[in-house]
Every structure is written in structure tokens, then in C-alpha cells.
**Q** 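The structure is given below, and queries will be raised subsequently.
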Amino acid sequence: MVLTDRYWEMAVLGNNKQCPKPIALARSWYQRRSEAEPLLTHEDDRKIQDYLYQVWRNEAEEAHLALLCLRCWVSHQIVGACTQLAEQFGQNYGFTVNDLCGLVLDDDGRPTLIYEPLSMKILKTYDPQQSALSTWANRITKSHPEINKFCLEHGLYRISDWALLNDTQPSGLGNILPMLSQAELDRTIDLLTSYHRVYRRDRMIQRQQNKKRASRCQEPTPAQLTEMMPDMAPEVVLSQLSDLARQLRAHRIAVRRGMPFTSPLDDIVENQQYTHHVEDDSYEQDDFIQRYRSLFLACLDEAIESVAQSYVNAYQKRKPPQGSLFLSALRLFHCEGLSMKAIAKQLGLSSQVQVSRLLQLKRFRAEVCAYWFNQLKEEVKTEALQFIDPERLSAITEQLEEILAEETEAVMAEAAAEAQSSKKQQTKSTFARRLCRVISNLGIPPKVPKK
Amino acid sequence: MTASLIDMGGSDSFSPLPQNTVELLDSQIDWAVQTVQIDTELGHEQPWQTFLQAMAIAGFKQWLEEGAVAPPSTYPSIEQWSMPPGINFQVKDYQLCIVPMNGMSTEMVEVWVETSPSTATEPSSEKRISEEQATNENALAHFYILVDVQEEVNQVCIVGALARAQLLQKLGSQAIFSTSSLQIPISYFDVMPEQLLLYLSCLAPAPLTQTSAPTSPIEPVKAVTNGLIKTGYWLKNQMDEISEQLSWALLPPMSSAMRPVKDGVENVLEVLARQGVQLPLQAKGAGGPISMGTHTFLVYVWVWSVETEAVPEWVLFFLLGPRVGESLPAGLQLQISDDSTVLTEGAIKQSLPEAYLYAQVQGELQEAFSVCITLPDGSTMTLPTFTFESGDNAVE
């Protein structure tokens with residue numbers, strides 16, 4: 001039993017969210033038709049769609065009604081694709097299924113169309129020989145330019161088919177598509193090489209004419225397709241290229257999976273990482289660190305203050321200026337101990353990913369360490385630090401990081417901290433404590449400062 | 001019931017933009033576009049590669065400058081690039097090689113390991129190469145930096161870095177003969193961008209000496225097929241004359257404990273171990289590249305002595321492997337013979353990165369073995385004969 005009401009209820013936008021809208025015309029036709037055709041009530045979706053598709057394509061009189069039913073069904077698939085994206089990314093990247101639906105759910109169920117909604121685009125380009133309608137609808141929805149633009153603004157990138165093809169070396173195809181016979185592989189290499197010759201050239205020309213930004217890669221024009229493969233019909237070339245892109249995409253997803261640098265969320269933290277103890281009793285501190293520990297701590301304030309001020313200055317130069325936004329985020333995170341999610345809410349940012357991008361925790365700390373280290377090198381004036389190898393630097397900076405993460409100082413200075421603040425005592429790392437101490441010294445530069 | 005109505009496939013084709021992604025400024029894109037124009041005027045014919053390279057360089061510079069402590073950096077103009085590029089970026093005294101990885105459709109990237117002056121000079125170019133530039137071209141990169149270029153959206157992502165010393169260590173003996181570019185796995189680039197920033201900000205580069213990196217390009221190895229390889233020398237940690245002529249090198253001693261950083265030899269040993277082949281700790285080896293036709297293979301040879309029923313004998317273990325990122329071709333054959341008969345032979349059935357061709361023979365101390373390699377096209381090469389001689393204890 002299938003949910004046949006999906007063939008006469010359309011998912012539409014109402015009050016900025018998607019809701020089902022019964023389409024009376026579709027319903028009466030579907031019910032009338034199912035009396036003569038039991039398949040419409042008992043069989044599976046695929047068969048119903050095949051049937052409706054045939055009616056739409058072949059029966060002149062009732063074609064528009066079968067199409068209306070298909071449009072209803074496709075509208076739910078569009079919502080389904082948006083739901084998937086929102087479930088996977090929405091929370092971290094700050095959007096909801098309705099934000100996405102608002103971009104693509106543009107069919108209102110009128111039998112006569114005055115513009116082409118996405119559902120229509122999906123159905124017009126659908127080839128029952130090639131895939132299931134559900135798969136096709138999902139694919140077209142996710143490659144919709146508005147969805148892609150919106151997602152990119154929120155920190156999610158989906159490479160277009162055309163950029164993906166641009167981005168693949170013909171010589172690598174053998175590895176990517178090992179199931180091809182030699183003759184098939186040769187043909188595919190030929191196709192991709194021809195694509196590169198024409199598409200890359202035109203894209204460079206476009207860049208040279210605009211002198212800068214290029215827009216997202218668009219589907220090749222019929223003229224481009226003909227130039228690529230003069231002996232083939234343009235639509236055949238297009239479909240072969242699309243098919244190749246689909247396979248490349250699947251391969252790329254498989255390759256990317258498990259690559260360390262594709263997990264960008266490691267910087268989104270619940271604001272506890274600065275109070276954890278490094279569980280380490282196995283290796284000794286670098287003797288340099290031991291000797292100069294007190295000096296390290298003395299130099300720390302200057303390092304933090306200087307790096308933080310540079311960040312504020314750099315953010316202030318952006319358009320629009322973000323100096324005070326950064327400063328607020330820094331304070332809320334390190335001094336108030338708020339989570340990134342809470343900071344996003346308080347500062348009016350759409351997602352915790354935006355907060356993570358703003359704070360750049362890892363880089364910020366690396367730069368504090370770098371500044372700190374260089375400052376010490378000056379202070380100590382010892383040969384010891386002038387010629388050290390990368391391994392030793394790593395060891396030293398790791399230990400600097402440990403000092404930053406320590407809580408011991410917090411314990412020693414507990415009395416002072418309590419006197420300062422009536423709030424419940426939070427355990428804070430050295431880094432956070434020092435930062436909070438200097439943060440009031442930081443200022444927003446009035447004008448763009450010259451470096 | 002409802003789930004069956006929704007296609008669940010493929011929403012993960014959206015991928016989060018990693019940290020350390022920068023969107024190029026208009027001025028940087030302008031520079032990259034102009035670079036392509038100049039490059040085209042210079043007669044180069046790979047504008048797309050040049051463009052990606054330029055975007056990668058511009059993006060790296062922008063990324064450096066976004067921080068608080070941007071170390072001073074420069075990059076050469078296009079006229080000073082060599083294709084493929086050796087050094088294309090400088091931060092203080094660090095020479096860097098920015099390697100664009102357009103997308104991640106393959107697991108390998110090409111790096112320029114050695115720069116040889118002859119390939120860097122375009123004969124057609126009328127530009128005189130200044131002394132400084134010539135020095136640059138002979139210079140080596142301290143770090144290779146992998147940059148993912150998302151051309152379509154004008155963004156680049158700094159993925160990771162690889163120090164030259166680590167690269168050489170990972171390549172093992174293969175580095176000795178690499179006169180040009182090499183395909184290496186992108187997993188080699190395991191220095192995180194923040195860590196790189198620390199190195200660049202805080203350290204002076206260690207001089208790249210001959211010992212850490214052979215700067216002079218090695219001539220393609222001449223086919224040495226005559227003479228005797230006296231493997232007994234290897235047991236005394238010495239090279240024999242013919243092995244030296246072959247440009248081979250002694251392999252590191254066997255060690256029961258694997259080091260955390262594996263070089264080429266250890267990878268080979270690990271693969272062998274997985275296949276149940278364990279060489280004895282006292283085995284000593286030498287090896288290096290050999291070229292046959294358009295192919296270059298890596299040879300690893302180990303020898304050790306054994307006693308069989310109180311008779312001292314020696315064992316020769318011979319292994320042919322591919323260069324990093326390559327595979328041995330299907331149909332490649334190996335044969336080991338004594339002076340009259342073929343003792344063992346084998347062939348590569350399927351071309352796979354970890355498919356090696358190896359064989360082991362054993363004989364009395366004065367016995368000699370010859371190794372013959374046959375390419376899939378039928379051409380053959382016989383290496384100089386292997387003996388267990390060590391010079392000082394001539395076998396009766």
C-alpha cells in the first residue's frame with residue numbers, strides 16, 4: 001500500500017514553511033482513473049509513476065492531469081531532499097528545512113503554469129530509462145543553484161558537475177573507473193580531454209574578460225558540446241558528461257571519507273577543552289621550558305594581548321568591520337565560558353560554525369605560541385633557541401600549549417579570582433585566565449590602521 | 001512506510017569548508033589571471049594548470065597574511081617559475097613549494113623532488129636566467145604545501161605540509177634516484193597548517209645538505225650487467241664496486257622494532273611480513289633503482305648466511321618493487337638461476353601498488369646466482385652475478 005495522497009497533495013510554502021495542500025483537480029482525476037486502473041491503488045510507486053509518466057507523455061487530453069499528480073509527488077521529494085540536508089548539516093550550520101524549502105518549493109499546484117517550477121524542471125529532464133524519479137528529484141534539488149548558493153554562504157560546498165569534470169585528470173580515470181574496458185576507458189579519456197579543451201579555455205576567457213570573479217560553472221552550451229564532440233549529438237554528449245560526473249562524484253565522496261582535513265567541526269567545542277588536563281606523566285618537560293618557566297608566564301600576557309589586538313585590527317578591516325564582534329566572541333568564549341552555540345545566539349550569528357570561523361581557536365593559539373616563543377628567544381638571548389629543529393620546536397610548543405591548558409594557576413589564585421567575581425568559580429585554563437585579564441586593554445581601532 | 005518514498009542517496013556530496021579556507025580577494029584573482037596571460041605569452045601551453053598554481057600561491061599568501069604574525073613572504077613572478085615548479089614561494093629563509101591539489105579526486109599528487117637545471121631552462125625562452133634565479137632553480141624546498149583549489153568558488157584551502165626531510169625519509173632509497181617529479185600520496189602531508197605557521201614564524205630553516213638531500217641529479221642509471229656483485233661486503237657495512245656502479249645504497253639494518261616513521265624499505269618489509277615472509281635480523285641488504293626501457297623499478301636485495309647440516313651456505317633474497325605511487329606492470333617476470341639451471345621464477349599477474357616480485361635462493365658459499373628481469377614486452381635484462389664474496393676471505 002502506498003501513500004497515494006501524495007499524488008494529489010502538493011507540498012507548498014505557506015507562512016514560510018512547507019505544508020500539504022490538497023489539489024482537488026488532481027484528486028478527482030486520480031480517483032476516477034484508479035477505478036479503471038487498479039495499479040494506481042495497489043502497486044508500488046515506481047509503477048504508478050511509470051503509468052502517470054506514460055499518460056503525461058502520450059495522452060493528449062489528460063496529460064496535464066497526470067502531470068499535476070506527478071508534480072504533487074515530486075514536491076514531496078523536494079522536501080525530502082531539503083530535509084536530508086537540514087538533518088545532516090542544519091544544526092551546526094544554522095539553517096532549517098524551511099529555509100531550504102523556501103528556495104526551491106516554488107510549485108503552487110495551478111494546472112496551468114506561467115513559469116517553470118523546480119518540480120517541472122525535474123520532470124522535463126527525467127528519463128525513466130536512466131534512474132528512478134526519486135533519485136532524479138533528489139539529485140536535481142541538491143544541484144539547484146539557489147540551494148548551492150545558500151549552502152556555500154553557510155559554509156557548505158557542493159562542487160558542480162562541470163567544475164568536477166574540470167578538476168579531474170584524464171590520466172586518473174583508469175584508477176577511478178577500474179570497471180571500464182580498455183575501449184570504454186579510451187573513449188572516456190577522449191571525452192574528458194575534449195571537455196577540458198573547450199570548457200577550460202572558455203572559462204579562462206570568461207575570467208580574463210571579467211578580470212576577476214567567475215561565477216559557478218554552468219552547463220556547457222550546445223555550441224560548446226558540439227565543439228567538444230563534433231560527431232555526436234549535443235544532448236548525447238551532455239548526458240555522457242553528466243554520467244561521468246556522477247561517477248566521479250561518488251568516487252570523490254569515497255576518497256574524501258576518512259581524510260583528516262575534511263572534518264572541520266573539530267573546532268566547534270562545548271567550551272571545556274581549555275580545562276582538561278593533559279594526561280601525561282611519561283615524558284619530561286623540555287629542560288628549556290623548565291628553566292624558563294617563570295619567564296614564560298611573565299611574557300604570556302604580552303603575547304596574548306598582542307595577538308588578540310592584531311586579530312581585532314584585522315577583523316575591523318573587513319567589510320563590514322567585525323572587530324567588536326570578534327572581541328565579544330572572544331570574551332564570551334574564554335571569560336564567560338559560553339558554548340559556541342550560545343555565543344551564536346547572543347551575537348546574532350546564524351550558526352556555531354560561524355563562531356568557530358570567527359574565533360579560529362587553533363590558529364589563534366598557534367600564533368600566541370609563535371609570538372611567545374619569538375619573544376622568549378629575544379629575552380633569553382641564548383643560543384639554545386636559535387638553532388633548534390622542528391621536532392624540538394614541536395615539543396616545546398606542545399609544552400607551551402600544556403602550560404596554557406593548566407589549571408594549577410587557577411588554584412593558586414583562587415582567592416583573588418573570588419574577590420574579583422561573585423559568580424560561581426569556574427575552573428579556567430591559564431590561557432583563558434590570562435586572556436580575560438588583558439581583554440579589557442584591547443580596543444577597536446578608530447580607523448583602518450596602517451601596518 | 002514513508003521512508004520508502006524518499007530517496008536517501010547522496011546528500012553527503014555537500015562538504016563542509018574546512019578551517020584554513022580563504023576566499024581569494026579580487027586583487028589576488030586578478031594577479032592569477034594576469035599570470036596566465038604572461039605564461040601564455042611565454043609560450044607555455046597549460047594555462048589551466050598555471051591558473052590553479054597561481055591561485056594556490058595567491059591563496060597561501062592570503063592565508064599567511066590573515067593571521068596576527070604574518071612572516072614576510074614573497075613569491076616569484078611567472079617568468080621565474082619552472083614547470084613543473086620547484087620553488088614557488090618564500091617565507092623568510094624558507095623555500096616552499098606550493099602544490100595545488102585541484103579537488104581531491106585522486107589520492108596522489110605530483111611533487112618536484114629534485115630540480116635539474118637542464119629541465120628548468122626553456123631553450124626557446126629568450127629571457128636570460130639570472131644567477132640568482134639559477135640558484136633558486138637549483139634550490140630545494142624546505143616544505144611542500146598542499147593546497148586544495150576550489151576554482152569554481154574562488155576559494156583555496158590550506159590542507160597540510162610536508163617537510164623535505166620527512167619526504168626523503170618516507171621515500172627511502174627511492175629518493176636517491178628521483179631526478180624529477182614523483183607521485184606521492186596526499187596522506188604524506190601531515191603537518192597541520194597551524195603547525196606550519198609555527199615553523200615558519202619561529203624557526204630558521206635547517207640547511208639542506210647533501211646528506212639530507214642529494215642536490216645533484218643522478219644520471220639515469222646505466223645498465224651495468226657485467227662483473228660480480230660481492231654481497232659479502234654488505235655484511236661488513238661496505239659497498240662493493242659493482243653495487244656502487246649501479247648507484248645502489250646499503251639498506252638500513254633489520255630491526256625488530258619498527259620505527260613510527262616508515263621509509264620505503266620498512267614499507268616493503270611490512271608488506272612482506274603481512275604475506276608471512278620474515279627476513280632474519282642478521283640479513284644485510286643493498287638496493288636502488290634500475291631502469292629498463294621506460295620503466296624504473298626499485299631493487300632490494302638482502303643476503304645472510306645459514307648453516308645447513310653443518311655446511312655454511314648463503315641466502316639471496318631478491319625483490320623488485322615499484323616506485324612510490326606506481327605499480328609493477330602485469331607480465332613483469334623475474335628469474336634466478338645458477339650457472340646451469342633456472343632455480344626459481346615468478347611473474348606479476350595483476351598490477352597493484354603492493355604487488356612485489358621476489359624470490360629467494362640458497363647455495364654454498366662459493367655459488368653464484370644470476371638474476372634476469374623480463375618486461376611484459378619480452379625485453380630482458382640480466383643483472384651482474386651475485387656472489388657472497390667479501391674481498392678478504394676469498395672463497396677457495
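Convention: sequence-line order gives letters A, B, ...; per-chain numbering from 1.
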**Q** Should we say atom NZ of A:Lys149 is surrounded by more than 12 heavy atoms from elsewhere, each under 6.0 Å from it?
**A**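 Counting other residues, nucleotides and ligands, NZ of A:Lys149 stays at 12 neighbours or fewer.
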**Q** Below 4.5 Å from any heavy atom of chain B, which atoms of A:Arg318 appear? Answer side chain, backbone, both or neither.
**A**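 Side chain only.
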**Q** What verdict does the side chain to side chain contact (heavy atoms under 4.5 Å, CB included) test give for A:Arg200 and B:Phe51, after you've listed the backbone C-alpha separation in whole Å, the side-chain angles of each residue and the deciding distance to 0.1 Å?
**A** CA-CA 10 Å; A:Arg200 285 175 171 179; B:Phe51 185 58; over 6 Å; no
**Q** Which heavy-atom pair separates B:Cys202 from A:Asn374 by the least distance, and what is that distance?
**A**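 Shortest heavy-atom contact: CA-OD1, 3.5 Å.
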**Q** Assess whether atom CG of B:Asp377 is packed by more than 12 heavy atoms of other residues, nucleotides or ligands within 6.0 Å.
**A**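 Buried by this count: over 12 neighbours within 6.0 Å.
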**Q** Might you point out which heavy atoms bring A:Phe89 and B:Phe14 nearest each other, and give the distance in Å?
**A**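 Between these two residues, the closest heavy atoms are CZ-O, 3.4 Å.
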**Q** Is it the backbone or the side chain of A:Arg201 that comes under 4.5 Å from a heavy atom of chain B, or both, or neither?
**A**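 Contact with chain B is absent: no heavy atom of A:Arg201 under 4.5 Å.
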**Q** Can you see which heavy atom on B:Glu152 is nearest to which on A:Cys217, and at what distance?
**A**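 Scanning both residues, the minimum pair turns out to be OE2-N, 3.1 Å.
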**Q** Does any part of the side chain of B:Gln37, heavy atoms only, come nearer than 4.5 Å to the side chain of A:Met204, both counted from C-beta?
**A**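 Side-chain contact under 4.5 Å: no.
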**Q** Report yes if the side chains of B:Gln49 and A:Gln169 come closer than 4.5 Å at any heavy-atom pair, otherwise no.
**A**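 With C-beta onward as the side chain, the pair touches.
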**Q** Output the distance between atom OH (A:Tyr157) and atom OG1 (B:Thr21), rounded to the nearest 0.5 Å.
**A**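 Answer rounded to 0.5 Å: 11.5 Å.
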**Q** Sort A:Cys151 into side chain, backbone, both or neither according to what part of it lies under 4.5 angstrom from a heavy atom of chain B.
**A**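 A:Cys151 touches chain B through side-chain heavy atoms alone.
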**Q** Count the heavy-atom pairs under 4.5 Å between each of A:Ser160, A:Ala308, A:Ala132 and chain B, then report the option with the highest count.
**A**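 Top count of heavy-atom pairs under 4.5 Å with chain B: A:Ser160.
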**Q** Give the minimum heavy-atom separation between B:Leu197 and A:Glu367, together with the two atoms involved.
**A**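 Here B:Leu197 and A:Glu367 meet closest at CD2-CG, 3.9 Å.
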**Q** In terms of heavy-atom proximity below 4.5 Å to chain B, should A:Ser143 be classed as side chain, backbone, both, or neither?
**A**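 Answer is neither: A:Ser143 stays 4.5 Å or more from chain B.
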**Q** For B:Glu66, is it the side chain, the backbone, both or neither that has a heavy atom under 4.5 Å from a heavy atom of chain A?
**A**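 For B:Glu66, backbone and side chain are both near chain A.
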**Q** Taking the six-membered ring of B:Trp63 as reference, does the cationic atom of A:Arg363 (NZ for Lys, CZ for Arg) lie under 6.0 Å from its centre and within 45° of its axis?
**A**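 Relative to the ring axis of B:Trp63, which defines the angle, A:Arg363 lies inside both limits.
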**Q** Can you measure from CG (A:Asn166) to CG (B:Leu52) and round to the nearest 0.5 angstrom?
**A**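 If I round to the nearest 0.5 Å, the distance is 8.5 Å.
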**Q** Examine whether an atom of B:Leu200 lies under 4.5 Å from a heavy atom of chain A, and if so say whether it belongs to the side chain, the backbone or both; otherwise answer neither.
**A**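 Contact with chain A is absent: no heavy atom of B:Leu200 under 4.5 Å.
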**Q** In terms of heavy-atom proximity below 4.5 Å to chain B, should A:Arg216 be classed as side chain, backbone, both, or neither?
**A**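 Both the backbone and the side chain of A:Arg216 come within 4.5 Å of chain B.
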**Q** Compare all side-chain heavy atoms of A:Leu152 with those of B:Glu23 and state whether any distance is below 4.5 angstrom.
**A**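 Side chain of A:Leu152 against side chain of B:Glu23, heavy atoms only: no contact under 4.5 Å found.
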**Q** With side chain to side chain contact (heavy atoms under 4.5 Å, CB included) as the criterion, how do B:Val36 and A:Arg207 come out once you've worked through the C-alpha distance, each side chain's angles and the decisive distance to 0.1 Å?
**A** CA-CA 11 Å; B:Val36 175; A:Arg207 287 238 182 224; over 6 Å; no
